[in-house]
Amino acid sequence: MVSAATAWEIAIKQAVGRLDAPADLLDAVEANNFETLPLTVAHALAAGSLPPHHSDPFDRMLIAQAGAESLTLISVDKRFPPYGVDLLPLS
């Protein structure tokens with residue numbers, strides 16, 4: 001699954017020239033058989049109530065979504081483990 005929060009963050013970074021990613025990101029997501037994960041009010045409330053181990057709002061949303069949806073989060077971020085979500089760390 002690809003979170004809407006991830007697509008949002010990619011779009012912001014593309015717009016300011018900090019990331020080179022496909023212009024047709026949604027097509028790329030669908031072509032690779034990923035499902036999209038929308039943001040919900042429940043996700044927003046969960047992200048807002050997380051302890052302050054991590055300050056990035058996009059990452060906090062991913063953590064909240066992973067917890068709420070029982071998903072494994074894939075990341076290189078070393079600040080994710082204290083949240084107790086299933087994590088597949090990348091090096």
Side-chain angles (χ1 to χ4, degrees):
M1 298 193 89
V2 176
S3 172
T6 298
W8 183 15
E9 184 172 21
I10 288 170
I12 289 170
K13 289 182 178 182
Q14 279 180 306
V16 297
R18 290 186 43 211
L19 182 66
D20 183 25
D24 58 345
L25 184 61
L26 182 56
D27 290 339
V29 166
E30 291 172 350
N32 287 285
N33 297 316
F34 286 104
E35 293 181 44
T36 58
L37 179 61
L39 303 176
T40 68
V41 171
H43 294 152
L45 294 172
S49 67
L50 288 172
H53 305 303
H54 204 311
S55 62
D56 183 284
F58 293 104
D59 290 339
R60 291 174 63 83
M61 178 57 73
L62 297 177
I63 292 161
Q65 287 182 306
E69 305 299 330
S70 300
L71 299 171
T72 299
L73 187 56
I74 302 170
S75 179
V76 298
D77 198 314
K78 303 294 185 215
R79 295 170 290 180
F80 284 11
Y83 288 102
V85 295
D86 286 334
L87 184 64
L88 176 61
L90 296 177
S91 47

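In this chain, numbering begins with 1 at the start of the sequence shown.
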List, one per line, each side-chain donor-acceptor pair under 3.5 Å for residues 14-36, sequence neighbours excluded.
{"residue": "Q14", "atom": "NE2", "partner": "A21", "partner atom": "O", "Å": "2.8"}
{"residue": "Q14", "atom": "NE2", "partner": "P22", "partner atom": "O", "Å": "3.3"}
{"residue": "N32", "atom": "ND2", "partner": "A28", "partner atom": "O", "Å": "2.8"}

[X] (side chain) donor-acceptor with [Y] (main chain) under 3.5 angstrom:
X   : Y   : result
Y83 : P51 : yes
Q65 : P38 : yes
R79 : H54 : no

Shortest non-hydrogen contact from [X] toward [Y]:
X   : Y   : answer
H53 : P82 : CD2-CB, 3.7 Å
A68 : H43 : CB-CD2, 3.9 Å
G67 : V85 : N-CG1, 3.9 Å

Q. Out of L50, D56, L87, which one pairs with I63 under the side chain to side chain contact (heavy atoms under 4.5 Å, CB included) rule?
A. L50
**Q.** Pairwise distance CG(L39) to OG(S3) - rounded to 0.5 angstrom
**A.** 5.0 Å
Q. How many angstroms lie between atom CG of L73 and atom CG of L71, to the nearest 0.5 angstrom?
A. 8.5 Å
Q | Residue pair L37 / V2, side-chain heavy-atom distance below 4.5 Å | A | no
Q. Are side-chain heavy atoms of D59 and D77 found at a separation under 4.5 Å?
A. yes
